[in-house]
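Here is the structure we will look at, set down as structure tokens.
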Amino acid sequence: MTDRQALHDAVSRGWRQMGTLLVHLARDLPPDPQGTLVNAPPTRGSTVLFPTVADMNENGNRRYDHELIYGAMGTPIQHQLEAAIAAIEGARHTQIVSSGLAACSTALLGFLGKNGHCLLPDSVYGPTRRFANTLLRRFGVETSYYPPTIDGDGLCALMRPNTQIVFAESPGSHTFEVQDVAMIADIAHEGGARLVLDNTWGIGIFHPFAHGVDISIQALTKYPSGHSDSIIGAISVADDQDWQALRDTAIQLGQLAGPDDCWLTLRGLRTMGARLERQSRNALDVALWLADRPEIACVLHPALPSCPGHYLWKRDFTGASALFGVILRDEYSQSSMISMIDSLTLFGIGASWGGYESLVLPTTGGIVRSSKHNKTPHSGPAFRLHIGLENPEDLIADLSNGLDVLNQ
Ligand SMILES: *Cc1c(COP(=O)(O)O)cnc(C)c1O
């Protein structure tokens with residue numbers, strides 16, 4: 001096997017392996033003598049009618065079992081999606097919420113309390129940082145930041161008696177540091193805190209609960225929904241007590257997702273393995289091509305040794321997704337990078353990722369570092385690529401033209 005074949009296999013293996021699960025999970029529809037549909041239709045509803053008051057009261061006590069109580073607590077299609085995500089994440093319970101950001105904020109609100117302290121990695125998704133620095137601060141919760149590649153002693157030194165949550169995101173937004181999640185889990189637990197992981201990049205290829213994570217977050221907006229037409233999130237837990245706290249918080253915040261978004265996400269999930277088996281390979285081809293170009297200082301793709309924490313990706317992940325970062329050499333200006341990006345014809349310019357199509361986003365200004373121990377890791381202009389289902393040779397030709405524009 002050539003090196004490239006071995007790498008192709010390493011990035012796509014986990015996606016191929018989950019194909020059977022994705023096709024068969026959460027399809028236990030009630031048998032119907034008329035015949036059973038392959039897919040459950042979206043279920044709409046607010047009021048749920050009960051035969052008697054006693055039946056209604058008894059059902060209200062079963063809020064932790066995903067019973068049909070009232071539409072705001074979730075409809076059958078939402079509960080079906082919750083079962084699907086729990087199976088993929090290896091969780092006991094999953095709560096669907098209105099967006100990936102709502103998953104982050106609901107998880108933080110559910111497990112932080114008065115005078116609490118939260119540790120966030122400096123590579124955390126920007127809106128999560130903003131939530132902690134504004135709303136959590138307003139309610140008296142302190143946040144401090146740690147370098148995502150910190151070692152155990154460094155992290156221990158940042159723990160405080162009131163640390164309630166250690167947050168991780170692996171790989172990190174924009175800079176793609178892969179974190180040692182099991183080590184972070186041990187230190188969080190020794191200090192009496194919970195570990196919350198934003199596992200959006202690693203859905204299905206990183207198994208959070210096998211690495212000591214307590215609460216795992218998904219922006220289902222990305223690969224599960226997969227077609228850039230839905231905003232939805234999920235929070236998963238392995239522990240029954242944590243589930244009660246999470247479920248109560250979600251209900252009190254009025255968190256749910258509409259039936260169409262749940263249905264679109266279930267539909268997207270069925271092909272996620274096949275899409276990503278291809279997209280992960282396409283992304284690797286593009287990343288390897290860029291890594292050889294003289295304009296590029298660094299390709300931040302977890303499957304390449306140039307990415308911080310690459311050895312942890314090799315240890316812990318069964319594949320790679322199709323989102324990675326690129327840093328240009330220092331001599332290029334931000335404005336020449338923007339001209340390059342504007343010249344691309346096959347890459348959409350826009351936020352988010354996870355659909356079937358390729359995207360590009362300038363990220364230089366989004367790389368923020370609060371920790372004193374952690375300087376911005378690179379100085380050149382930066383952008384992020386999401387690689388879709390196009391022919392990778394066409395994407396490479398487009399990028400090649402873009403680099404010509406950069407050099408003009
Ligand atoms: C996109 C994203 C989110 C937020 O998801 P939305 O559904 O867009 O709110 C959270 N975390 C990570 C890592 C993301 O990439």
Side-chain angles (χ1 to χ4, degrees), residues 78 81 85 89 94-109 118 120-133 135-136 145 148 165 167-179 181 195-206 208 213 215-236 250 253 255-258 260-262 264-265 268-269 272 276 279 283 300-302 309 313 317 320-325 348 350-355 357 359-361 363 366-368 382-387:
Q78 179 181 317
L81 178 59
I85 300 302
E89 290 265 77
T94 295
Q95 170 74 44
I96 295 295
V97 296
S98 59
S99 70
L101 180 57
C104 297
S105 55
T106 303
L108 289 168
L109 287 172
C118 173
L120 292 183
D122 237 337
S123 50
V124 75
Y125 176 65
T128 305
R129 174 188 289 269
R130 208 168 310 133
F131 176 77
N133 290 352
L135 197 140
L136 287 181
Y145 291 87
I165 284 187
F167 198 97
E169 185 183 316
S170 178
S173 281
H174 298 336
T175 42
F176 293 90
E177 297 89 344
V178 186
Q179 298 197 266
V181 172
L195 174 60
V196 178
L197 174 71
D198 186 329
N199 194 34
T200 298
W201 193 94
I203 185 161
I205 52 170
F206 181 83
V213 170
I215 297 133
S216 178
I217 284 163
Q218 282 294 335
L220 300 180
T221 306
K222 309 293 166 56
Y223 291 127
S225 124
H227 295 72
S228 305
D229 50 11
S230 187
I231 297 276
I232 184 165
I235 311 162
S236 299
L253 292 172
Q255 277 297 343
L256 73 153
D260 289 325
D261 291 301
C262 294
L264 280 169
T265 306
L269 265 184
M272 184 175 75
L276 266 294
Q279 285 177 246
L300 300 169
H301 185 303
W313 175 80
F317 286 71
S321 82
L323 182 82
F324 61 93
S352 201
W353 48 277
E357 81 290 11
L359 296 170
V360 59
L361 185 74
T363 52
I367 300 175
V368 181
F383 60 99
R384 185 183 79 181
L385 291 178
H386 176 255
I387 302 300

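Just so you know, ligand 1 is whichever comes first in the structure, and atom 1 is the first atom listed for that ligand. Below, all heavy atoms of this structure are taken into account, side chains as well, without hydrogens, waters or symmetry copies. What you are looking at is a predicted structure, and each value in this text was computed from that prediction instead of being measured.
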Distance to 0.1 Å, residue and atom name: give those for the protein heavy atom nearest to atom 1 (C) of ligand 1.
K222 NZ, 1.5 Å
Note the single closest protein heavy atom to atom 8 (O) of ligand 1, along with its residue, its atom name and the distance in Å.
Y125 OH, 4.1 Å
Has ligand 1 got any nitrogen or oxygen that is less than 3.5 angstrom from a nitrogen or oxygen of T221?
yes
Element-labelled atoms of ligand 1 that are located less than 4.0 Å from some non-hydrogen atom of S99:
7 (O), 9 (O)
So how far is it from S225 OG to L269 CG, rounded to the nearest 0.5 Å?
9.0 Å
Backbone or side-chain N or O of E169 under 3.5 Å from ligand 1 N or O:
no
Under 3.5 Å, is there a donor-acceptor pair between the side chain of E89 and the main chain of G204?
no
At under 4.0 Å between heavy atoms, is it the side chain or the backbone of L101 that contacts ligand 1, or both, or neither?
both
Does W353 use its side chain to pair, donor to acceptor, with the backbone of L359 at less than 3.5 Å?
no
Among the heavy atoms of W353, does any lie under 4.0 Å from an atom of ligand 1?
yes
What protein heavy atom sits nearest atom 11 (N) of ligand 1, and how far away is it?
D198 OD2, 2.6 Å
Quick check: does S173 get an N/O under 3.5 Å from an N/O on ligand 1?
no
Closest heavy-atom contact between S123 and E177?
CB-OE1, 3.4 Å
T200 side chain to A219 main-chain N or O, any donor-acceptor pair under 3.5 Å?
yes
For a 4.5 angstrom cut-off between non-hydrogen side-chain atoms, does I231 reach L101?
no
Do any N/O atoms on G100 end up under 3.5 angstrom from N/O atoms on ligand 1?
yes
For the residue pair F324 and H301, does the interplanar ring angle fall in the parallel (under 30°), tilted (30 to 60°) or perpendicular (over 60°) class?
tilted
